Amino acid sequence: MFMILGYPAPLMFGQLLLGLINGAFYALLSLGLAIIFGMLRIINFAHGALFMLGAFVAWGMLQYGGIGYWPALIVAPIIVGAFGVFLERTMIRHLYKLDHLYGLLLTFGLAEIIEGLARNQFGSSGMPYAIPAALQGAVNLGFMFLPIYRGWVVIAAVVVCLVTWIAIERTSLGATLRAATENAPLVQAFGVNVPRLITLTYGAGVALAAFGGVLAAPIYSVNPNMGSNFIIVVFAVVVIGGMGSILGSIVTGFGLGVVEGLTKVFYPQASATVIFVVMVIVLLARPAGLFGKAT
Amino acid sequence: MLDVSQLNAWYGESHILHGVDFNVQQGEVVTLLGRNGAGKTTTLKSIMGLVGKRQGHIKLNGREIVGLRSDNIAKAGIAICPEERGIFASLNVTENLMLPRVVAPGGLDLAEIYTLFPNLKERANSQGTKLSGGEQQMLAIARILRTGAKLLLLDEPTEGLAPVIVQQIGRTIREIKARGFTVLLVEQNFRFAATVADRHYVMEHGRVIDMIQNAELAANMGKLHDYLGV
Ligand SMILES: Nc1ncnc2c1ncn2[C@@H]1O[C@H](COP(=O)(O)OP(=O)(O)OP(=O)(O)O)[C@@H](O)[C@H]1O
Ligand SMILES: [Mg+2]
């Protein structure tokens with residue numbers, strides 16, 4: 001058998017792929033968190049719950065409406081994003097003048113409520129969501145079999161992350177967003193409706209989480225805990241990448257997914273903790289994160 | 001054009017403006033002079049809606065704007081060039097220039113702005129805060145000329161700049177006045193102010209205490225020295 005560094009190649013590539021898939025979700029989630037943090041200055045603890053909600057909405061659309069994966073991939077993020085807009089308008093908005101801790105506490109509470117309601121309604125066991133017909137099966141890459149759906153997840157996440165990044169770095173709306181992150185009162189004095197921009201930013205960040213949730217639905221079963229399983233790692237990713245850094249959250253998300261995957265090959269016992277070890281090291285050596293600007 | 005009366009303003013609990021009264025006519029360049037801490041910047045920010053609590057009257061062409069949100073004040077036709085310049089580090093020069101919303105026709109287009117400020121064209125893709133202090137000041141002025149706002153609030157645009165740059169800013173102010181803009185200018189440097197302004201208001205302890213026509217400036221030098229402590 002073909003070996004790499006003394007390990008069988010299929011094992012290596014298999015774990016690398018798993019790492020990339022986890023990394024895709026880390027990147028989507030931490031990107032949304034970074035966008036929200038940049039604008040609202042709150043750590044959106046409800047992010048995992050909204051990811052889960054994305055999967056549930058997709059599942060519900062299929063179950064009760066017969067609406068399949070492809071429409072759900074667009075519609076579920078819009079629905080959950082609109083729910084995010086509602087949360088921002090009715091609750092989160094009132095906390096901007098207070099310490100950031102209150103925003104964290106509120107969104108933590110929202111996460112518990114959303115997940116609790118989902119558990120109440122659907123139990124904790126999880127419901128299957130079928131891979132869409134076009135993406136079933138696997139291709140033989142020569143060195144490994146690649147399940148098509150998993151390849152699709154990585155590609156879709158990369159594309160969405162890049163499009164988001166370009167929208168922020170290269171468009172005039174993105175320039176307004178960056179400027180408002182720096183000095184919101186001045187941007188408002190230049191005629192921009194900043195409160196509305198903040199609402200839309202929160203909605204967009206939430207929609208990214210929900211998009212991740214729909215992508216995840218066929219891989220993990222649709223269950224109320226699917227968000228919280230990810231979110232703790234994602235917070236570590238955000239800290240490592242640098243709070244609020246857009247590019248940092250994307251690169252770190254994928255990178256740490258891969259690191260985690262490779263650790264499963266070389267030292268499986270540490271795979272669950274390696275990201276936190278990296279976090280501790282980064283915090284000690286570079287408290288602002290790998291891509292963050294020291295303030 | 002602008003009529004400010006009995007304007008009071010607060011930062012949190014501290015009461016900074018105590019009944020400010022002055023006015024600016026269409027097409028005028030009017031300065032606010034006064035010592036450090038007199039409340040000049042606070043007056044400009046209050047007009048722009050950037051101070052948390054304000055009371056009294058600010059009328060723009062007869063319309064009360066004292067209670068409006070700052071984005072709506074901008075849309076009413078006022079633009080500010082803040083004391084700290086407010087150039088955005090995460091935006092390049094062009095993006096900084098294009099950031100303020102166009103609120104009315106009659107603003108300068110990009111070509112006119114680049115004619116007025118050739119440096120900005122050369123540095124179009126530089127990060128905003130990589131520019132020299134003088135260039136940043138040009139950028140801060142240039143970007144509000146685009147918006148079509150006819151009342152421009154300039155807060156110490158010459159502060160800390162070399163004499164040639166100060167002269168260029170002076171030319172710019174005269175040029176925009178000639179184009180029909182109205183300017184409310186905060187200045188410490190009254191020698192500079194005298195080269196561009198029609199009238200001067202003097203502020204002290206959050207009030208306007210005097211008004212001097214530019215033509216009568218020479219005759220009032222003694223008084224002005226007392227006011228400004230120079
Ligand atoms: N953000 C703030 N919070 C509390 N007090 C403030 C704030 N900004 C200014 N002040 C106070 O308000 C008073 C007026 O300040 P302001 O900046 O309006 O003065 P100024 O006339 O512009 O002075 P300068 O010539 O130094 O720019 C000062 O006593 C200042 O300490
Ligand atoms: Mg000042």
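Reminder, nothing fancy here: chain letters follow the sequence lines and each chain counts from 1. Note that the coordinates shown come from a computational prediction; the quantities given were computed from them, not determined experimentally.
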Grab the two heavy atoms, one from [X] and one from [Y], that are nearest each other, plus how far apart they are.
X	Y	answer
B/Leu50	A/Pro185	CD2-O, 3.5 Å
B/Met48	A/Ala189	CE-O, 3.4 Å
B/Ala74	A/Phe190	CB-C, 4.1 Å
B/Arg101	A/Gly191	CG-O, 3.7 Å
B/Asp71	A/Val192	CB-O, 3.3 Å

Near [X] [atom1], under 6.0 Å, is it more than 12 heavy atoms from other residues, nucleotides or ligands?
X	atom1	result
A/Phe86	CZ	no
B/Trp10	CH2	yes
A/His100	NE2	no
A/Tyr102	OH	no
A/His94	NE2	yes
A/Phe108	CZ	no
B/Arg174	CZ	yes

(request) State, yes or no, whether a side-chain contact exists between B/Glu95 and A/Ser172 at a heavy-atom distance under 4.5 Å. (result)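 No, side chains not in contact.
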(request) Counting only heavy atoms closer than 4.5 Å, note whether B/Ala89 contacts chain A via side chain, backbone, both or neither. (result)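 Backbone plus side chain of B/Ala89, per the 4.5 Å heavy-atom cut-off to chain A.
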(message) Need one label for B/Leu153: side chain, backbone, both or neither, based on atoms under 4.5 Å from any heavy atom in chain A.
(response)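 Neither part; nothing is under 4.5 Å.
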(message) Has A/Glu182 got a side-chain atom pairing as donor or acceptor with B/Ser90's backbone, closer than 3.5 angstrom?
(response)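 Yes; at least one donor-acceptor contact below 3.5 Å.
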(request) Could you tell me the separation between the CG atom of A/Asn183 and the CD1 atom of B/Ile87, rounded to the nearest 0.5 Å? (result)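 It is 11.0 Å, given to the nearest 0.5 Å.
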(request) Nearest 0.5 Å please: distance from the CD atom of A/Glu169 over to the CG atom of B/Leu91. (result)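 Reported to 0.5 Å precision, the distance equals 9.5 Å.
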